[in-house]
There are 2 protein chains.
Amino acid sequence: MTGERRVTAMDVARGAGVSRSAVSRAFTPGSPLDAAKRSRILAVAQELGYRPNVLAAGLQGKGRSNLVAVVVGRLHNHFDSDFQAILMEGLARRGKWPLVVAGDPEMIEADILNVLGFPLDALIVRGGSVSAPVVDYCAKLGIPLVVSGRVMAAPRVDCVCGDNAGGAHLAVAALQARGRRRIAYLGGPPQLFSDQERRAGFQAAMAGAGLVPVAEDSADYSFEGGQAAALRLLARAPGLDGLFCGNDAMALGAIAALRDQGRRVPQDISVIGFDDISIAPWPGIDLSTLRNDAAATVAELLRLLETRLEDPSGPARVVRIPTRFIARNTH
Amino acid sequence: MTGERRVTAMDVARGAGVSRSAVSRAFTPGSPLDAAKRSRILAVAQELGYRPNVLAAGLQGKGRSNLVAVVVGRLHNHFDSDFQAILMEGLARRGKWPLVVAGDPEMIEADILNVLGFPLDALIVRGGSVSAPVVDYCAKLGIPLVVSGRVMAAPRVDCVCGDNAGGAHLAVAALQARGRRRIAYLGGPPQLFSDQERRAGFQAAMAGAGLVPVAEDSADYSFEGGQAAALRLLARAPGLDGLFCGNDAMALGAIAALRDQGRRVPQDISVIGFDDISIAPWPGIDLSTLRNDAAATVAELLRLLETRLEDPSGPARVVRIPTRFIARNTH
DNA sequence: CCCGTATCTGAACACGTGTGCATGATGACC
DNA sequence: GGTCATCATGCACACGTGTTCAGATACGGG
């Protein structure tokens, strides 16, 4: 055991017989320092296992901390997992350190406030709602706030979001092209922004096509939720011939339930999902769905972040990622 | 814009007409401070958007930083995603802040070294290998290192890992119980610890049952990799009647390819996966597999971490998470 | 040999916070 | 009223680093 205290620059200085300033300079590429002395210092540092404490360095006030808080809801959703993975890699590639805030919705609110205690370069929030106090704090602290999967109107808050309404229109159009007229919507939790936009888009598209939904229902974006909701829809509207689901997991659950009830998909009923998760194209699944492009979303998010860091006081921007219909074998 | 500088305790002190110490005490529950003054300070802090800088506070040397680095490989694997999600929540619940290190395997090595510049409470590494320099640095810095999905012998390095060999034995036993004798193994990348143990366990179990594998192959733990490998195996061993796969995604890919070739699963060929990912029980998938319990693994990992933080110089511990065979409809 | 210059180096400061210590005030008790 | 205890409060220090500034040193030219 080397003792409880962390190795400090002073220890290295003593070990190499130089001043602490020299140690600091040895780790700062531009600084003037005798080459021989530098290599000796680095050798001693290596020996002792010394690394400059980036927190103490960041305290200097100059430059950025490279610390970015990433708020994710619960990650038990396939699309959110993919999004998260791509975002982590993207941040790493840009030299940012992601500080992840996860957990129950009720805990997360307090945690967001707590994470603001770090000298963050930015706060990235995925999906779930951001409370007014958080937005307020960010504004006062001058911490850029970038929101994904949701659009909110606040000064200097940037948003990137899939085109939910457009996707819903594409889904209705695809169902209509198959001759479906008794169409239902199975949405996610109504308090979620994504569901609100998809539901509104669905209703608008139906109205535009001169159709009236035979039923609407909600579940929790899970497979099991989709199964149960499909049974409810079927009981309420036995003539159902088209179903637009708020995400892929629920669509797959619904298909399982419908087939279990003796309905053939897609012959008797068309089902369309949302997201195009990685398993959607697998044989035996082959789900017709709307592609929610996680990679493009992350790329735009990072671009927004970079622009915002460049010019913190610029106007708030909203970027919509286009949605594409992926025709497979369930509609 | 409130100016570029972060709001500091001194600003609040000026605003409330008190000393900076009082501000610090106002945010420290135990400290003696006049109740009226405390609430006045908190009000001013709220107004200005002040939060104590935890980095500067952590610089104090007392106590822990509550910062934990979590090294994950690429997260494009279902089991790893689940594991990651559970771990993030578990850490949050224990008041730890996860600093995620992700990215390409070649970038990650440098990133791990860089993240050691933070005053970490611990370093958690999932799966992939940990290079000797990293272990060395952690030892010298006195940073506890907890490894998951891999067992390594190093002083004061704790490991938690599924029982890969036991799982392989269960798989072979299940295949044997179905009367299968022409059995093949489809493993993951051979450089991965998980594959090495599962492969060795498979070979030992086969030998113990008096059987000789008809073929062995490897793929990249992906659905597509499983598809392609299944075709190779079929070409090499047309009489194949049992297949043990290194993970579920490959098993599902293999099943898709086998069915595409006219083989019935499970009537003609038994297929068993590994991990029991969340989609495995879904109707239409119904995969027989070995449960790799992510929740139990995370729970043990956190327990090891806590024990290690309690007594940093304790002996290295290795915990094995038992594996259970989940009999479904593909074997 | 002397002076100017370029370069290296160490001391000192700043960053923002928690806390030990001494001081002053206030209240209680005799 | 005096003395002591209690407690709130402000000052100063410490944490570990990057960087400025002035002093020192070496070197080259006249």
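Protein chains get the first letters and strands the later ones, always in sequence-line order, with residue 1 at the start of each.
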Chemist: Distance check: side-chain N/O of A:Lys37 vs OP1/OP2 of C:dC8, anything under 4.0 Å?
Modeler: no
Chemist: Phosphate oxygens OP1/OP2 of D:dC11: is one of them under 4.0 Å from a side-chain N or O of B:Ser21?
Modeler: no
Chemist: Looking only at heavy atoms, which two atoms of A:Ala316 and A:Ala154 are closest? And how far apart?
Modeler: CB-O, 3.7 Å
Chemist: Under 4.5 Å between any side-chain heavy atoms of A:Asn53 and B:Leu59, yes or no?
Modeler: yes
Chemist: Evaluate whether atom CZ of B:Arg38 has more than 12 neighbouring non-hydrogen atoms of other residues, nucleotides or ligands under 6.0 angstrom away.
Modeler: yes
Chemist: Rounding to an integer number of Å, can you tell me how far A:Arg38 CZ sits from C:dT7 P?
Modeler: 15 Å
Chemist: Take the protein atom CZ of A:Arg14 and the nucleotide atom C1' of C:dG10, then report the distance between them rounded to whole Å.
Modeler: 15 Å
Chemist: D:dT17, OP1 or OP2 - any side-chain N/O from A:Thr8 closer than 4.0 Å?
Modeler: yes
Chemist: To the nearest 10 degrees, what angle separates the axes at the start and end of the helix from C:dC1-D:dG30 to C:dC30-D:dG1, five pairs each?
Modeler: 50°
Chemist: Tell me, for nucleotides 21-28 of chain C in 5' to 3' order, what letter each nucleotide earns: B for a base near a protein heavy atom under 4.0 Å, S for only sugar-phosphate near one, - for neither?
Modeler: --------
Chemist: Do the non-hydrogen side-chain atoms of A:Gln84 and A:Asp80 ever get within less than 4.5 Å of each other?
Modeler: no
Chemist: In whole Å, what is the span from the CG atom of B:Asn53 to the P atom of D:dG16?
Modeler: 16 Å
Chemist: Starting from C1' on D:dT9, measure out to CG on B:Asp34 and report it in whole angstrom.
Modeler: 10 Å
Chemist: B:Gln60 CD to D:dA12 P: how many Å, rounded?
Modeler: 17 Å
Chemist: Report yes if some heavy atom in the side chain of A:Arg25 is under 4.5 Å from a heavy atom in the side chain of A:Ile41; otherwise report no.
Modeler: no
Chemist: Taking the six-membered ring for Trp, are B:Tyr50 and B:Phe27 closer than 6.0 Å centroid to centroid?
Modeler: yes
Chemist: Under 4.0 angstrom, heavy atoms only, what part of the nucleic acid is B:Tyr50 near: base, sugar-phosphate, or nothing?
Modeler: sugar-phosphate
Chemist: Please determine, for the side chain of A:Thr28, which listed nucleotide (D:dC13, D:dT19, D:dT17) has the closest atom?
Modeler: D:dT19
Chemist: Provide the closest heavy-atom pair for B:Asp121 versus B:Asn66 in the form atom of the first, atom of the second, distance.
Modeler: OD2-N, 3.0 Å
Chemist: When the distance from CG of A:Asp11 to C1' of D:dT17 is rounded to whole Å, what number comes out?
Modeler: 13 Å
Chemist: Roughly, in whole Å, what's the span from CG in B:Leu55 to P in C:dG18?
Modeler: 12 Å
Chemist: Please report the distance, rounded to the nearest Å, between CG in A:Leu59 and C1' in D:dT19.
Modeler: 14 Å
Chemist: Would you mind telling me which residue lines up with the more 5' stretch of DNA chain D, B:Val18 or A:Pro52, judged by nearest nucleotide?
Modeler: B:Val18
Chemist: Which of the following nucleotides, C:dG16, C:dT9, D:dC13, is nearest to the side chain of B:Ala56?
Modeler: C:dG16
Chemist: Can you tell me if CD on A:Glu310 sees more than 12 non-hydrogen neighbours from other groups inside 6.0 Å?
Modeler: no
Chemist: Please determine whether the number of non-hydrogen atoms from other residues, nucleotides or ligands lying under 6.0 Å from atom CZ of A:Arg320 exceeds 12.
Modeler: yes
Chemist: Return whichever of A:Gly17 or B:Arg51 has its heavy-atom-nearest nucleotide of DNA chain C closer to the 5' end.
Modeler: A:Gly17
Chemist: Of all the heavy-atom pairs spanning A:Pro315 and A:Arg308, show the shortest one and how long it is.
Modeler: O-NH2, 3.1 Å
